[in-house]
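Worksheet: one structure, shown below.
Scope of the values below: all heavy atoms of this structure, side chains included, with no hydrogens, waters or symmetry mates. Chain identifiers are assigned alphabetically (A, B, ...) following the order of the sequence lines, protein sequences preceding nucleic acid strands; residue numbering begins at 1 within each chain.
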Amino acid sequence: MLFSRFFIPTVREIPAEAEAVSHILMLRGGYVRQLAAGLYIYLPLAWRVMNRIMRIIREEMDAAGAQEISMPGLHPADIWQKTGRWFDIGDEMFRLKDRGGRDMCLGMTHEEIITWLASTELRSYRQLPQMWYQIQAKFRDEARPKSGILRTREFIMKDSYSFDRDQEGLAESYRKHAGAYHKIFSRCGLRFYQVQSDPGMMGGAAAHEFMAPSPAGEDTVVLCKQCGYAANTELALSVPPPQKSKGDEVGEALEDIPTPNKRTVTEVSAFLKTDPSCFIKSLLLIGDEGPFLALVRGDRELHEKKLRKVAGNFRPARKDEVKNILGVEAGFIGPHNNDLKKIADISLKDGIYITGANKEGFHTKGIKPDVHFQAQWHDIHIAKEGDACANCGSAITLDQAIEIGNIFQLGAKYSVSLKAVYLDENGKERPIIMGSYGIGPARIAAAAVEQNNDKDGIIWPRSIAPFDVEIIPLDFAEKEIQETTETIYRELINEGFEILMDDRDERPGIKFKDADLIGIPYQIVIGKKGLKEGVVELKTRRTKETERVRPSDIISKVRDIFK
RNA sequence: CGGGGCGUAGCGCAGCCUGGUAGCGCGCCUGCUUUGGGAGCAGGAUGCCGGAGGUUCGAAUCCUCUCGCCCCGACCA
């Protein structure tokens, strides 16, 4: 491909709207342009990257036994109404009506559609298992699109679905997907983890996410290097370190101490010169069955999702409710001397604590859990760096990461509501057991850029780079340079390589800068100086190392590198 | 949805406070010179100052409304 004929609108200045590194570099490198919030045009370079990623995905999905299909992006509402998600999902779903006034939506995902298909076509255990996938646009009216192509309102997703007779079959399909995903992300040159994740609105039992570590990521994962425990913080368990008590500041007997106008843990802790871990944070919440207290240690944050799993739905109490229920304002409430239901974090199990006295302007010290109050004990705190692994006790670490793929064991949730059933060997009707599996190709591209760049630009992993090699003749008008360039260009193409050749009449500096920005992994620089000494230069984008090679040897050299 | 920021030439920005000729750098076009890390000189083109209303003799600038984009948070199959 000739650079002069290929549309690569590089820009020198950093566009004002970009923040994430991958976003900046993809705009500057002429990869993408923004149409509106969360809507991007993929220019030729980016589309080549996407196609390479999608090709790898197809190869591995096919190898795992999945079959590619294609489903509409526009869906009739009634199927989504049958599973209830038409009502469960709010503004995030794009909804519209057709000319006949029928409710429609743009597909956020395709569980409903594929289950409808399965319900009409799969009848017998003899037809199972099946694994079907597609690479298709998804539409989600995101509350906040961000970070370039990382979070957009329309995006391409590889989504696949498995149909099995039973739980064992699902486990096998799930395992196959996990295996394929490892191969896909490895082949794409990413660093990634597989972590436990929250099934959320998908329903179902097990779920894992594939996470590419990057500061641009929106998720935080908890990792234990010792035992391999890996989980998204939305469900990760951890054991906080013991309370930092000096021993003397927390008396043995209960004692109310005046803490005028000191309400938050930070304020009281500073006022009493006692570590936040010696306090109990008491939060009054209103659940479906009335008010209850959630208790976490002063140095911890309440994890609302974890609490919802054990306490059901809830909302924070309003100021007047706090006053009515406990007779005191929020800064001074505590778990003792009241009969409210209490759910306490495991970090409070040991130690002696200070907490609100349920009396205006006072806190109580000497509170012993299980002695001065009773509670249900659960892990309801947010895991932090420095906590111990809930599994093996060694130190955990936290890492920001981009979610590049996920796998869900759905079970019978969709097959029951859409009547996707089969007859088993005994002629008995059973629901098909399903799994659902997603990959975001654009996120793979963005994560690859986030993980592979330097001050000059992108450094693509070979497997997904838009081209294999960029040839840079420094003065294309020079006859010898031109001849050498064209010979090498033609021969590399004959060898099956994808080559970008910078035939532009530009100064060398511009060609070098653009080449580094675009990030093709190898550059062949052909200049007058080198040719005089009988060599061209083979430069590795990542290391900037240059090797002098005779023009007659360059083809075999490149062949060796890509072997 | 809450908080913050920004809309002026293709891109990055100044001008706005204190109303009066719309500017700078890069890019773009022409010519000459230049050619191993974003060249030099000379000449040139380019603006509904996001939009609508208002105040005023006069609005990029002041007021009201509105649309859009970004960031933080909430949300996120």
Handout entry: Check: A:Y133/A:H177 side-chain N/O donor and acceptor closer than 3.5 Å
Key =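 No pair is found: no donor N or O on one side chain lies under 3.5 Å from an acceptor on the other.
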
Handout entry: B:G38 phosphate, OP1 or OP2, under 4.0 Å from A:R507 side-chain N/O
Key =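 For B:G38, neither OP1 nor OP2 has a side-chain N or O of A:R507 closer than 4.0 Å.
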
Exercise for the section: Kindly say if A:R12 contacts the phosphate of B:G27, meaning a side-chain N or O under 4.0 Å from OP1 or OP2. Expected result: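 Result: yes.
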
Look at the side chain of [X] and the base of [N], then say whether one donor and one acceptor between them are separated by less than 3.5 Å.
X      : N     : result
A:E537 : B:G36 : yes
A:R28  : B:G38 : yes
A:K539 : B:G37 : yes
A:E13  : B:G25 : yes

To the nearest angstrom, how far is [X] atom [atom1] from [N] atom [atom2]?
X      : N     : atom1 : atom2 : answer
A:I510 : B:C28 : CD1   : P     : 8 Å
A:D475 : B:U33 : CG    : C1'   : 15 Å
A:E304 : B:C75 : CD    : P     : 7 Å
A:E92  : B:C1  : CD    : P     : 14 Å

At 4.0 Å (heavy atoms only), tell me whether [X] reaches a base, stays on the sugar-phosphate, or touches nothing.
X      : result
A:G438 : nothing
A:D456 : nothing
A:A16  : sugar-phosphate
A:T83  : nothing
A:Q34  : sugar-phosphate

Exercise for the section: Fit a plane to each ring of A:H110 and A:H75, take the angle between them on a 0 to 90° scale, and name the class: parallel (under 30°), tilted (30 to 60°) or perpendicular (over 60°). Expected result: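 Perpendicular: the ring planes of A:H110 and A:H75 meet at over 60°.
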
Practice task
Look through every strand shown and name the nucleotide pairing with B:G68 as Watson-Crick or G-U wobble, where both distances are under 3.5 Å.
Solution key: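 Per the H-bond distance test, B:C6.
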
Problem - Under 3.5 Å on both distances, the Watson-Crick or G-U partner of B:A22 - result: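 None - no nucleotide pairs with B:A22, as no candidate has both distances under 3.5 Å.
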
Exercise for the section: Please say whether the positively charged group of A:R308, taken as NZ for Lys or CZ for Arg, lies over the ring of A:F314, i.e. under 6.0 angstrom from the six-membered ring centre and within 45 degrees of the axis. Expected result: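 Relative to the ring axis of A:F314, which defines the angle, A:R308 lies inside both limits.
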
Practice task
Tell me, please, which residues at least two apart from A:F512 pass ring pair (Phe, Tyr, Trp, His ring centres under 6.0 Å).
Solution key: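 Applying ring pair (Phe, Tyr, Trp, His ring centres under 6.0 Å) to A:F512 gives none.
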
